[in-house]
Amino acid sequence: MRTDTPQPIRLADYAPPAFLIDEVRLAFDLAPNTTRVKARLSVRRNGDHDQPLVLNGERLKPVSVAIDGRVLADAERTIDAEFLTIPGVPDAFSLETEVEIDPENNKALEGLYMSGGRFCTQCEAEGFRKITWYPDRPDVLSRFTVRIEADKAVRHLLSNGNLMESGDLPNGRHYAVWNDPFPKPAYLFALVGGELDVLEDSLVTMTGRTVELKIFVDPGMAPRAAYAMDALKRSMKWDEDAFGREYDLDLFMIVAVRDFNFGAMENKGLNIFNSSLLLADPATATDLDYERIESVVAHEYFHNWTGDRITCRDWFQLCLKEGLTVFRDQSFSADMRGHAVQRIKDVKALRARQFPEDQGPLAHPVRPSSYLKIDNFYTATIYEKGAEVIRMLKTLVGAERFREGMDLYFERWDGHATTVEAFIQCFADVSGRDLSDFFAWYEQAGTPRVELKHSYDDQARTLTVELSQTTPPTPGQPTKQPLPIPVVLGLLDGEGRTLAFERDGVAVDETLVVLDGESAAITLTGVDSRPVISAFRGFSAPIGLTTDARPTDRYVQMASDPDLFNRWEAGQDLARALIVARAKGAPDQVGEERFAEAMGRALADQASDPAFKALLLALPSEPDLALALQPADPAAIHEAREALRQRLALHLTDDLKRIHIGLQELGEFSPDAASAGRRALRNAALDLLAANPRAEIAELAEGHYRAAANMTDAMGGLSALMLIGGQAYEDALADFFQRWKSEPLVIDKWFALQARDPDESALGRVMGLTAHPAFEQKNPNRLRALVSTFANFNPARFHDPSGAGYRFLADQILAVDSFNPMTAARLVDPLGGWRRYKPELGALMKQELERIAASEGLSKNVHELVAKALAD
Ligand code: TRP
Ligand code: ZN
């Protein structure tokens, strides 16, 4: 273990900046190994007179530092690995600095780096300090003017805001000057330089202004940006309609790059995207890719108001922009693609990523109070649970007050860096409610467990519902307080019809109950028959629910709950119980038959949406099941889940085949939600059929793969063949590689598919693939496709009893950490939950964490996660 333990940053220590920057002028002279950056900052003192000027700066080669035109002698300033410090500065002055940086050798992909021969930047959260000396914190907002100079071969020179000037220079060089009129923190700065193709369009805003839209991509790829452009225009329109938010510059640009640590980045007026979340055409992208592109384009665009115009005071407020913006993009996607299906997908993602986080060593509140590396806090808790908290706020205050609160927030805080408290205050102000209890959702970590019990009095026709809550302890928070939990509740009769009831004497079909203490009992009257309770409709709170519902009630819900989320949820609950029973060695054969029959009826329901049926058909994932059965035994879970799949496949063979034939696509591909839903159901049917060992199914899968006219179906076929295994799979795999070897985004899919293979040979295959000529450890997409997919989505093989899966992951973490700490740290998670696994496995996982912890030269990023995973 390291001895120089890094010191945590704490929310409680927040202090306003000692100096503000009113204006910044940057001049870049771009060259791959020797880029020169000149900065002129108009600095103004904001605090005590005796404070020195301290600016962040890392990996900068100093050239010169001057104040008001006078170059400082070495003794007048100190430069260390993290800061430039100048004592005795005036109250207002101009600071001019020049540094040299090396984008070509920047493999951390933070600051200014090169991707595919092009210059690009990533500054959130703390990358700007790798470009020039600056107060690199989000509460220092400044107006940026940026001059970029380069060889003409670096054809496009882009930065934030509006293009003011551009032209040729002697010696085959050229330049461009950009000005961003909106004050912004440095993390929103962006620069791009290189040969790119551009797809152009425009949009007229709600006040009649014309905005130019440009998407820059690798040469030859412009047609593949068409869907992103369409999604962008729909996002812009939606933000006007849903939130009254208009775009504010005359130009909006997006650039796609192949080497990127995350999904995308909301730099003002110049979003930068991972190309995997931007480029799509039917031949190379799946419906899931289209769906994610739509939502990420929207997400980054929505940040223009929730993130850019109003930003965060400090990084503890990250959810202020991220949770809110995820909430906004989820609402947009729901409007685009259907509310129920979108909600189910969002909750699945929450359960797959955030719930495990809450049960592990990194459990933290939506607003954390300390960190070592902020990069480690771009988590499912900040993003996804952050969005759930906003959703509950909307449920509690109602849609109208919610919109008023948002309007007030935009009015009150535009142009500022602010806090979560200030945001919540807006809703308290418009609703006249005291929201101080609600604030606990931001400060308390962990997933509350809610228990629901009911009793029905058929004489009095009353139903009493008892609710209680507890939240298990999380690291650093041993005791928990009750939270205000919104429970949306409806009733069904035994036939699945909506059962009206009275709440406080008023007849309703549905009601909102707020559980705000440890327990509460509510009595509903006028309940005409013994009810089935449909609680937490639409997943009205991010909790884990246990109820006294009988399987019969669940079957009623699965067949006909008008709340489609709960209809789906009932199926998941039933399946989870059956799989857990099997994993414990006590299979419920009768129950399984009954479940298969219910599934058959649900599939036959002509009224329900194919996209919904596809979701219904998918059993809970193995990571989800690992939470339901602790200590987790991934091999047993895998086998039990497969066994249930096989029973379903055998029982439903004819129905599934009928779906497979009936939904065969004729005519042209369309990425719209309805078409995608039909493809999803058809591929889900094939996926389940693949669990049927009959030879004809292998032929069906092969035929599906060969006949595929789009990537969704090609992947559906290949994935079914993978599940079946054998020569047909190997042939298809080879065929796929040959066909797509020059398409990086498709080859990522080829790696990811093999990483998900449940066959015993998968661990060896995955390790072997790291030596494949197409494997690139330095490219995050390729690395994640193989390594992260394996560790996160193939639990049965990752948790190999020998520990070889863990060793493989630890080796990758250590190798990647030497050049890209941010991405290395994101690989630690699958080992972090070691305490939840059966002891033999847990011990081997821990051993690898200890080996990482003991390594020389570990980054702060990986150190923080490993240390937390090992802490008692
Ligand atoms: N703010 C970005 C978003 O969610 C994500 C982000 C944070 C990011 N840090 C990053 C992207 C580092 C790339 C690299 O919209
Ligand atoms: Zn975001």
Side-chain angles (χ1 to χ4, degrees), residues 106-113 115 120-131 136-138 160 184-192 228 231-232 235 239 254-278 292-312 314-333 349 353 366 371 373-387 390 417 779-781 783-784 820-826 859 861:
N106 177 358
K107 301 299 173 196
L109 313 185
E110 200 193 15
L112 179 66
Y113 65 96
S115 174
C120 65
T121 54
Q122 172 53 41
C123 293
E124 188 175 5
E126 300 181 332
F128 192 72
R129 61 188 65 183
K130 293 180 166 182
I131 294 175
D136 190 6
R137 45 186 287 167
N160 318 81
K184 65 168 177 290
Y187 83 87
L188 291 172
F189 166 80
L191 176 153
V192 170
L232 173 62
S235 306
D239 212 14
I254 300 178
V255 181
V257 300
R258 165 98 184 119
D259 301 279
F260 205 66
N261 279 340
F262 281 64
M265 180 62 212
E266 71 264 25
N267 318 299
K268 180 76 187 189
L270 179 56
N271 290 356
I272 299 185
F273 270 61
N274 188 320
S275 53
S276 70
L277 289 166
L278 195 100
R292 289 170 63 216
I293 288 167
E294 179 177 76
S295 95
V296 178
V297 166
H299 179 97
E300 304 310 332
Y301 173 72
F302 296 157
H303 268 313
N304 189 57
W305 275 95
T306 50
D308 298 1
R309 288 284 288 255
I310 306 181
T311 192
C312 303
D314 53 73
W315 290 118
F316 296 101
Q317 320 296 329
L318 185 56
C319 69
L320 176 70
K321 73 179 179 81
E322 295 304 347
L324 178 56
T325 304
V326 171
F327 172 77
R328 276 153 53 69
D329 82 56
Q330 290 178 346
S331 308
F332 166 76
S333 294
R353 308 204 302 121
V366 172
Y371 62 76
K373 269 311 264 187
I374 188 58
D375 305 333
N376 286 336
F377 280 83
Y378 287 77
T379 60
T381 299
I382 307 287
Y383 277 69
E384 268 77 36
K385 188 174 175 184
I390 305 282
N779 176 261
N781 289 2
L783 175 80
R784 281 193 290 255
N820 187 342
M822 206 190 279
T823 287
R826 294 172 85 80
S859 69
N861 305 56

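For ligands, and for the atoms within them, numbers begin at 1 and follow the listed sequence.
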_Just to check, does Lys321 reach to within less than 4.0 Å of ligand 1 when the distance is taken from its heavy atoms?_
yes
_Residue from Glu322, Lys321, Arg328, Arg309 passing side chain to side chain donor-acceptor pair (under 3.5 Å) with His303_ = Glu322
*For a salt bridge (Lys or Arg N to Asp or Glu O under 4.0 Å) with Glu110, tell me which candidate from Lys130, Arg129, Lys373 qualifies.*
Lys130
*Evaluate the side-chain proximity of Phe189 to Ile131: yes if any heavy-atom separation is below 4.5 Å, no if none is.*
yes
*asked:* Under 4.0 Å from a heavy atom of Glu300: which atoms of ligand 1 are those, numbered in the order shown and with their elements?
replied: 3 (C), 15 (O)
*Can the ring centroids of Phe377 and Phe316 be said to lie less than 6.0 angstrom from one another?*
no
*Nearest protein heavy atom with distance in Å, relative to atom 4 (O) of ligand 1*: Tyr383 OH, 2.6 Å
*Does Thr325 reach the main-chain N or O of Thr306 with its side chain, forming a donor-acceptor pair under 3.5 Å?*
yes
*For Ala264, counting its heavy atoms only, list the atoms of ligand 1 lying under 4.0 Å from any of them.*
2 (C), 3 (C), 5 (C), 11 (C), 15 (O)
_Please check whether Asn261 reaches ligand 1 - meaning an N/O of the residue sits under 3.5 Å from an N/O of the ligand, judged on distance alone._
no
*For atom 8 (C) of ligand 1, grab the closest protein heavy atom and report residue, atom and distance to one decimal in Å.*
Phe262 CG, 3.5 Å
*Looking only at distance, does Glu124 have an N or O less than 3.5 Å from an N or O of ligand 1?*
yes
*Geometric cation-pi criterion Arg826 and Tyr378, 6.0 Å radius, 45° cone*: no
*Around atom 7 (C) of ligand 1, find the nearest protein heavy atom and jot down its residue, atom name and distance.*
Tyr378 CE2, 3.1 Å
*Just which atoms of ligand 1 are under 4.0 Å from any heavy atom in His299?*
3 (C), 4 (O), 15 (O)
*Do you know which N/O/S atom name in Glu322 is closest to the Zn ion (ligand 2)?*
OE1
*Any side-chain donor-acceptor pair under 3.5 Å between Asn160 and Asn267?*
no
*Side-chain donor/acceptor of Tyr301 to backbone N/O of Asp239, under 3.5 Å*: no
*Element-labelled atoms of ligand 1 that are located less than 4.0 Å from some non-hydrogen atom of Met265*: 1 (N), 2 (C)
